[in-house]
Amino acid sequence: MKKRTFNKVIFVAFSCQFLSIPLFAQQQKVDTTHTYSIPEITVSDIYQTREVRSTAPLQVFSKDALKNLHALQVSDAVKHFAGVTVKDYGGIGGLKTVSIRSLGAQHTAVGYDGITLTDCQTGQIDIGRFSLDNVDRLSLNNGQSDNIFQPARFFASAGILNIQTLTPLFTKGKKTNIAGAFKTGSWGLINPSLLLEQQFNKTWSMSANGEWMSSDGHYPYTLHYGNAAEDLSSREKRKNTDVQTFRAEAGLYGNFSDKEQWRLKAYYFQSSRGLPKATTFYNDHSTQHLWDKNTFIQSQYKKEFSRQWVFQTSAKWNWSYQRYLDPDTKNSLKKTENSYYQQEYYLSASVLYRLLSNLSFSLSTDGSINTMNADLANFVHPTRYAWLTAFAGKYVNNWLTISASALATVINEDVKKGGSAGNHRKLTPYVSAAFKPFQHEEFRIRFFYKDIFRLASFNDLYYEEVGNTQLKPEKAKQYNIGLTYNKNVCPFLPYLSVTVDAYYNKVTDKIIAYPTKNLAVWSMKNLGEVDIKGIDATGSLSLQPWDKIRINLSGNYTYQRALDVTPPDPNTYESTYKHQIAYTPRVSASGQAGVETPWINLSYSFLFSGKRYALGQNIAENRLDSYSDHSISANRDFQIRKITTSFSVEVLNLMDKNYEIVKYFPMPGRSVRATIRIRY
């Protein structure tokens, strides 16, 4: 259930749709001599309506919806979004990246409390490192959000995965909230977490939370000694799959007035994990290890000067460290050990101007400096200076919503050794619209177009013997047309929602690895072209058969035809022309079902993926079979005075299938997880 708190609020109908931001509270005069204000109230809404009102596809999981997904990490939940491909190398500690509509993980921005996360080394974010314990809302935008009042970086990607963490909420007369949780389960899983929220006065409050997680990850799997059904197999256990992570966050919140707020957040994360090998015949031994550390401090400030003018600014400092060790390398040192360091300095400012009651404009500008160092010989030590400016407008009335933006990108690069990738200047447009043809029906037709690009990562440009400083940005054009509908049907069926979107993406100058002198020497080239056509469909409904019993059902379906249309090279025997690109199924789906009763809550979820290919050639040797993953859970809440205790038990991968998302990296089979939560 979503909750919003309004303090002396007037309810202006267009504000929620038009601005997509909280309306700053104010008093309203109802006649010339008296002024009335609405006292602080809490409005609850169990249904999501933003998805069907949005001009571009939007999918949202609230905190309550996340509980029914049997998800431990953000990556587990993202798999339930339509049109998403998550590369998962298996186990809790395996690398997990997200690609929207087959555009690649580098085209997907990941936001954390309104500020994007970056990794200039690889250009993609490992979403497996984010726990769901402190997540309040998870949302996925194709194209971009209807909210035009946001940092310029949120205009600069083909899609956005936004992670919104918990904000302290206090009931009347209570200034302290304490919550703790403990998870345990198969393969040595131990995961305690603690949350503290404190209100100092009406202006200032804070929150602090942390968690530690450990697992040996030694799950069993079946090793096949051939591809034929009659070939031998044996039961093995995954090796070198241990993982330990620690996360700590602290936030300070200043609510100076209904029109002025400030937030400061400090974040720290570290992990230590083994890197298992692919499960090929007699070759599963691995001693490779990876250590990660990341810390950042970010600040956000917002002020409404008048009904027409609103200003916000953000700043961030980010530092990350990665150490890789392979003690079995056959070289003079008898090991490979490398360390990488990244830093970012980021500043953003945005202004919103409401010209009319239903017409507004925004201007956002972001500046950032990214540096990377490594202990490698002849490392170039690159620095990237980026300046992004976005101008956007939005118009809303009862039957039409239109938004448009133009993003100007200026990139300068410098290196301490060798040649740099040079500078880039580019202007990219976006336009979207949603039309409501029937006054009394929540039925909409929507459309968006976006022209966007992504820069080559530092690895693409500067990695020894592989990098290519002549790479051009990878370009993507996105087209989408869709239908949305929702309705309150009757008391038995209080909510029904359906969306269907057809899309076409065209990727040019795709950055791919390509053999140069021979098959042992590869380099990065702008040689790829991809045509992507697909359909995403989502649906959800709520049933109320009895007064205190509710049944919630939801699901999605995706069809993607993502073809490599790179002109074939006559010197290359293995052509991939018009083959489905690697790791992209034609068909995928997911679904959830939940039953809420006064005694116990039950939930069920499933994932389905059709066959895929591990390489660009769509031949039998590269094929990965289709799979389905089913999970169930039960939970119960107990209230003893001011303490709420919750127990839940989950059975994951009920059918005990060691399916593979990435070839030769089997996923865990059946497992059990139990959780106890206490909140005061």
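Values below: every heavy atom of this structure, side chains too, minus hydrogens, waters and symmetry copies.
Using a 4.0 Å cut-off between charged side-chain N and carboxylate O, E442 and K487 make no salt bridge. Between D88 and K79 there is a salt bridge, since at least one side-chain N of the basic residue sits less than 4.0 Å from a carboxylate O of the acidic one. Salt bridge absent: K96 and D76 never bring a charged side-chain N and a carboxylate O closer than 4.0 Å. R454 and D460 are joined by a salt bridge, as a carboxylate oxygen and a charged side-chain nitrogen come within less than 4.0 angstrom of each other.
In this structure the side chain of D451 never reaches within 4.5 angstrom of the side chain of Y430, judged on heavy atoms. Looking only at side-chain heavy atoms (C-beta outward), Q300 and I115 come within less than 4.5 Å of each other. Using a 4.5 Å cut-off on side-chain heavy atoms (C-beta onward), I481 and D501 make no contact. The shortest side-chain heavy-atom distance between Q478 and F448 falls under the 4.5 Å cut-off. Looking only at side-chain heavy atoms (C-beta outward), L427 and L407 stay at 4.5 Å or farther from each other. Under the 4.5 Å side-chain criterion, counting only non-hydrogen atoms from C-beta, I532 is in contact with Y503. For the pair L138/I163, a side-chain contact is recorded, criterion being any heavy-atom separation below 4.5 Å from C-beta on. Side-chain contact between R129 and F269: present, with at least one pair of heavy atoms (C-beta onward) separated by less than 4.5 Å.
Between N552 and S542, the side chains place a donor N or O and an acceptor N or O closer than 3.5 Å (distance only, hydrogens not considered). Checked by atom type, the side-chain pair H80/Q59 shows no donor-acceptor distance below 3.5 Å. Under the 3.5 Å distance criterion, with hydrogens and angles disregarded, a donor-acceptor pair is assigned to the side chains of R153 and T116. The closest side-chain donor-acceptor pair between E529 and T566, if any, does not fall under 3.5 angstrom. In this structure, a donor-acceptor pair under 3.5 Å is absent between the side chains of R586 and Q560. Donor-acceptor pairing under 3.5 Å is lacking for the side chains of T538 and N556. At a cut-off of 3.5 Å, with distance as the only test, a side-chain donor of S364 or S350 sits close to an acceptor on the other residue. A side-chain donor-acceptor contact under 3.5 Å links Q144 and S405. T389 and T365 are linked by a side-chain donor-acceptor pair at a separation below 3.5 angstrom, with hydrogens and angles left out of the test. A donor atom on one side chain and an acceptor atom on the other are found under 3.5 Å apart for S432 and T55. Inspection of the T165 and N134 side chains reveals no N or O donor paired with an N or O acceptor under 3.5 Å. In summary, the side chains of N162 and N141 do not present any donor paired with an acceptor at a separation below 3.5 Å, with no hydrogens or angles considered. Remark: the H424 side chain and the T409 side chain contain no N/O donor-acceptor pair separated by less than 3.5 Å. A donor and an acceptor atom, one from each side chain of N480 and R101, are located under 3.5 Å apart. A donor-acceptor contact closer than 3.5 angstrom is absent between the side chains of Q298 and D113. Under 3.5 Å, the side chains of S554 and Q592 contain a donor-acceptor pair of N or O atoms. Side-chain contact check for R425 and N412: at least one donor-acceptor pair (N or O, by modelled atom type) lies under 3.5 Å.
In this structure, K316 forms no cation-pi arrangement with Y346, as its terminal cationic atom is not both closer than 6.0 Å to the ring centre and no more than 45° off the ring axis. Because its NZ or CZ atom is not both nearer than 6.0 Å to the ring centre of Y301 and within 45° of the ring axis, R263 does not count as a cation-pi partner of that residue. A cation-pi arrangement, defined by a distance under 6.0 Å to the six-membered ring centre and an angle within 45 degrees of its axis, is present between K303 and F305. Because its NZ or CZ atom is not both nearer than 6.0 Å to the ring centre of F453 and within 45° of the ring axis, K475 does not count as a cation-pi partner of that residue.
Within 6.0 Å of atom CG in N423, more than 12 heavy atoms from other residues, nucleotides or ligands are found, so the atom counts as buried in its surroundings. K506 NZ: more than 12 foreign heavy atoms inside a 6.0 Å radius. The number of heavy-atom neighbours closer than 6.0 Å to NZ of K63, taken from other residues, nucleotides and ligands shown, is above 12. More than 12 non-hydrogen atoms from other residues, nucleotides or ligands lie less than 6.0 angstrom from NZ of K436.
With hydrogens and angles disregarded, no donor-acceptor distance shorter than 3.5 Å links the side chain of K394 to the backbone of T401. For S362 (side chain) and I148 (main-chain N/O), a donor-acceptor pair under 3.5 Å exists by modelled atom type.
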E304 and R354: CA distance, side-chain angles, deciding distance, salt bridge (charged side-chain N to carboxylate O under 4.0 Å, His left out) verdict: CA-CA 11 Å; E304 183 175 14; R354 303 181 181 108; 3.1 Å; yes

Stepwise side-chain contact (heavy atoms from CB on, under 4.5 Å) test for Y613 and K611: CA-CA 7 Å; Y613 294 90; K611 67 179 182 181; 3.9 Å; yes

Test log, rule ring pair (Phe, Tyr, Trp, His ring centres under 6.0 Å), inputs Y479 and F447: CA-CA 8 Å; Y479 303 84; F447 162 83; 7.6 Å; no

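Between F435 and W399, the ring planes lie perpendicular to each other; the angle is over 60°, past the 30° to 60° tilted range. Ring geometry, Y267 versus Y112: the interplanar angle exceeds 60°, so the pair is classed perpendicular (tilted spans 30 to 60°).
Between W317 and F296, the ring center distance fails the sub-6.0 Å criterion.
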